[in-house]
Trainee: 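One structure, pasted below without further comment.
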2 protein chains.
Amino acid sequence: MKILNIYVRKKKDVGVIERELEVHLQTDHALLTETSMHLLKAGGKRIRPVLVLLAGEFGRYDIQQLKYIAVPLELFHSASLVHDDVIDDSDKRRGQDTVRAKWDNRIAMYTGDYIFAKGLEIAAHVDNPRVHQILSKALVEMSIGEMEQIRFFFRSDQSLRDYLLRIKRKTALLIAISCQLGAMVAHAPESVSNRLYSFGYNVGLAFQIRDDILDLCGTEKEIGKPPGSDIKQGNITLPVIFALQDEKLRPHIQAELRRIHEADGQTDVSRVLDMIRGSGGIERASALADRYIAKAIAALEPLPDIRAKQDLIQVAYFIANRSH
Amino acid sequence: MKILNIYVRKKKDVGVIERELEVHLQTDHALLTETSMHLLKAGGKRIRPVLVLLAGEFGRYDIQQLKYIAVPLELFHSASLVHDDVIDDSDKRRGQDTVRAKWDNRIAMYTGDYIFAKGLEIAAHVDNPRVHQILSKALVEMSIGEMEQIRFFFRSDQSLRDYLLRIKRKTALLIAISCQLGAMVAHAPESVSNRLYSFGYNVGLAFQIRDDILDLCGTEKEIGKPPGSDIKQGNITLPVIFALQDEKLRPHIQAELRRIHEADGQTDVSRVLDMIRGSGGIERASALADRYIAKAIAALEPLPDIRAKQDLIQVAYFIANRSH
């Protein structure tokens with residue numbers, strides 16, 4: 001993602017966002033600044049802010065307004081990651097210790113609360129009530145999704161639909177509203193912001209499916225954490241759901257899931273990873289991700305042919321092929 | 001509180017708030033509905049919504065507008081309680097099992113996130129950007145306060161100032177903005193909403209000081225949890241700070257605090273409670289609470305002599321004398 005042209009073309013404004021993120025997370029409270037900055041410095045692709053900026057080019061682009069939505073969206077994303085790491089007992093993210101591993105679960109919970117509230121404070125500069133309505137609805141859905149994922153841990157009886165609803169809430173909605181709200185803040189017509197929502201939504205689904213595939217197929221170097229982390233936590237992802245549809249494999253995978261569950265994830269998962277990799281589930285999941293990418297690009301079709309449109313298509317293709 | 005006349009006079013509108021709270025916490029997600037309702041049904045005095053309603057009487061009173069700020073303020077309060085229970089390892093609140101005790105810490109964390117997001121969704125109906133700015137700033141301060149309390153656990157070297165800043169963030173700010181925002185949503189003049197803020201702020205400080213006294217002096221029946229819970233958690237409250245100022249007592253209290261800390265709170269605290277009760281610290285804390293009550297009532301002085309003003313004074317006196 002770092003190598004994409006967008007980061008070159010938008011370098012100045014991405015820099016503005018980066019500085020705002022840093023400035024806003026400074027507090028008088030040393031520990032809170034440290035935990036927040038730890039999270040921020042762990043990097044990430046700032047994909048949500050970049051989408052806000054690109055969407056803003058479909059209207060009256062003003063970085064001084066767009067930052068009030070780009071910065072909060074990155075902060076809401078970060079806050080949800082810290083809380084997720086508590087639930088998942090994750091020790092590594094993006095190759096670095098998580099807040100809960102470096103400090104503890106309670107500190108991670110409060111760091112998440114703080115980053116979340118900071119995001120709200122910055123978003124409060126936007127005076128369009130519709131923006132706040134869309135944002136808050138998405139945040140409610142995200143929080144339901146957080147709880148929902150616990151319910152489905154280790155459950156082999158879940159459907160494709162269960163999975164899609166989960167990744168909608170976990171990932172796709174926030175990416176969708178990044179595009180939509182960027183356009184809205186720039187006063188683009190509603191037809192445009194709706195199309196951009198649709199683009200972001202489909203890109204978001206593809207992004208999460210790719211992420212889930214990488215967890216099963218990537219190396220620790222590529223993904224910044226040990227492969228198979230999802231299955232150790234009981235997070236049943238799309239390739240696993242597809243693999244479970246194979247009647248011969250199903251009982252073997254179920255037995256492995258039970259064994260992993262009983263061991264609380266503290267066990268070798270290479271056998272079940274091999275089963276999934278050999279099942280064709282990865283390829284089917286990958287094909288579905290590609291379909292969402294195609295839908296995302298199709299949503300952009302009627303939009304004016306500006307540079308940002310080409311950049312969004314580039315983002316979509318990047319996600320389709322990403323390996324980290 | 002339940003016996004106050006306000007609850008009789010405002011019965012209909014308090015009922016509106018109560019129903020809105022219930023309706024909004026219903027989700028498709030059974031567990032989330034259950035945990036949220038568990039919290040809601042545990043009761044509480046709905047003091048923040050009541051203050052919103054009373055403050056609204058200083059402007060153009062409209063329950064259909066006021067509810068959009070009264071309901072969120074109660075929800076933000078509830079969300080902070082669930083997260084606090086995680087930090088404090090609390091098993092009882094208002095005489096009932098806490099969410100973390102009945103389910104677990106992770107479920108409590110996500111229940112808090114959900115209730116918080118729901119509050120935002122409802123508040124998004126208010127289209128005055130200033131309301132959102134005040135609200136979000138207070139939420140940031142509250143989240144800093146959450147982290148701050150961890151830092152001061154078991155520390156006998158903290159000052160009165162440290163304590164006051166902590167209870168400002170923990171309690172006083174949210175009560176202050178309940179009064180302020182109720183007036184703002186009802187389009188009362190700024191001079192009025194500022195006075196009401198000041199009233200709420202001082203009442204909030206007194207309220208928390210009383211709460212902290214009750215934890216040291218109340219019976220389990222009165223306070224809905226075992227007395228001495230604060231000191232077991234390492235939460236050093238005002239009477240303890242005053243008691244520590246007695247040079248003869250200080251080393252004995254410090255030794256007790258070390259012992260309790262080493263036992264992780266799993267020990268008898270009756271000796272240190274006796275020391276504090278005998279130190280005059282309770283009386284000094286009580287006198288300070290009374291001073292804040294007097295300041296709160298003084299803040300109301302220039303406001304028009306409407307019924308709500310008498311009710312607010314009644315609330316202040318109730319808090320000054322509360323025993324549960």
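Reminder, nothing fancy here: chain letters follow the sequence lines and each chain counts from 1.
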Trainee: Could you state the interatomic distance from CG (B:Leu120) to CG (A:Leu135), rounded to the nearest 0.5 Å?
Mentor: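 Going from CG on B:Leu120 over to CG on A:Leu135, the span is 8.0 Å.
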Trainee: Can you establish whether the number of heavy atoms outside A:Arg155 located under 6.0 Å from its atom CZ is more than 12?
Mentor: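 Enclosed: over 12 neighbouring heavy atoms sit under 6.0 Å from CZ of A:Arg155.
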Trainee: Less than 4.5 Å to any heavy atom of chain A: does that hold for the side chain of B:Thr35, its backbone, both, or neither?
Mentor: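 Side chain of B:Thr35 only, per the 4.5 Å heavy-atom cut-off to chain A.
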Trainee: Select one option (side chain, backbone, both, neither) describing which atoms of B:Arg151 are under 4.5 Å from chain A's heavy atoms.
Mentor: side chain
Trainee: Check A:Met109 against B:His83 and note the closest heavy-atom contact, atom names and distance.
Mentor: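 Heavy atoms of A:Met109 and B:His83 come nearest at CE-O, 3.2 Å.
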Trainee: Within this structure, what is the CG-OG distance for the pair A:Asp113 and B:Ser80, rounded to the nearest 0.5 Å?
Mentor: 9.5 Å
Trainee: Heavy-atom pairs under 4.5 Å with chain B: which of A:Glu141, A:Met142, A:Lys137 has the most?
Mentor: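 Option with the greatest count: A:Lys137.
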Trainee: Does the pair B:Tyr110 and A:Glu148 meet the rule for a side chain to side chain contact (heavy atoms under 4.5 Å, CB included), with working shown?
Mentor: CA-CA 10 Å; B:Tyr110 279 161; A:Glu148 195 72 356; over 6 Å; no
Trainee: Measure the CD1-CG distance between A:Ile150 and B:Asp104 for me, rounded to the nearest 0.5 Å.
Mentor: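 One gets 7.0 Å once the value is rounded to the nearest 0.5 Å.
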Trainee: Any side-chain heavy-atom pair from A:Asn105 and B:Asn105 closer than 4.5 angstrom?
Mentor: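 A:Asn105 does not reach B:Asn105 side chain to side chain.
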Trainee: For chain B, which of A:Asp127, A:Leu139, A:Ile107 has the most heavy-atom pairs under 4.5 Å?
Mentor: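 Sorted descending by pairs with chain B, the first entry is A:Ile107.
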Trainee: When heavy-atom pairs shorter than 4.5 Å are enumerated against chain A, which of B:Gln133, B:Lys118, B:Met147 gives the highest number?
Mentor: B:Met147
Trainee: State whether the number of non-hydrogen atoms from other residues, nucleotides or ligands found under 6.0 Å of B:Glu22 atom CD is greater than 12.
Mentor: yes
Trainee: Carefully, step by step, assess B:Val140 and A:Phe116 under the rule side chain to side chain contact (heavy atoms under 4.5 Å, CB included).
Mentor: CA-CA 8 Å; B:Val140 169; A:Phe116 193 87; over 6 Å; no
Trainee: For atom CD of A:Glu190, decide whether the heavy atoms of other residues, nucleotides or ligands shown that lie under 6.0 angstrom number more than 12.
Mentor: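 For A:Glu190, atom CD is not crowded (no more than 12 foreign heavy atoms under 6.0 Å).
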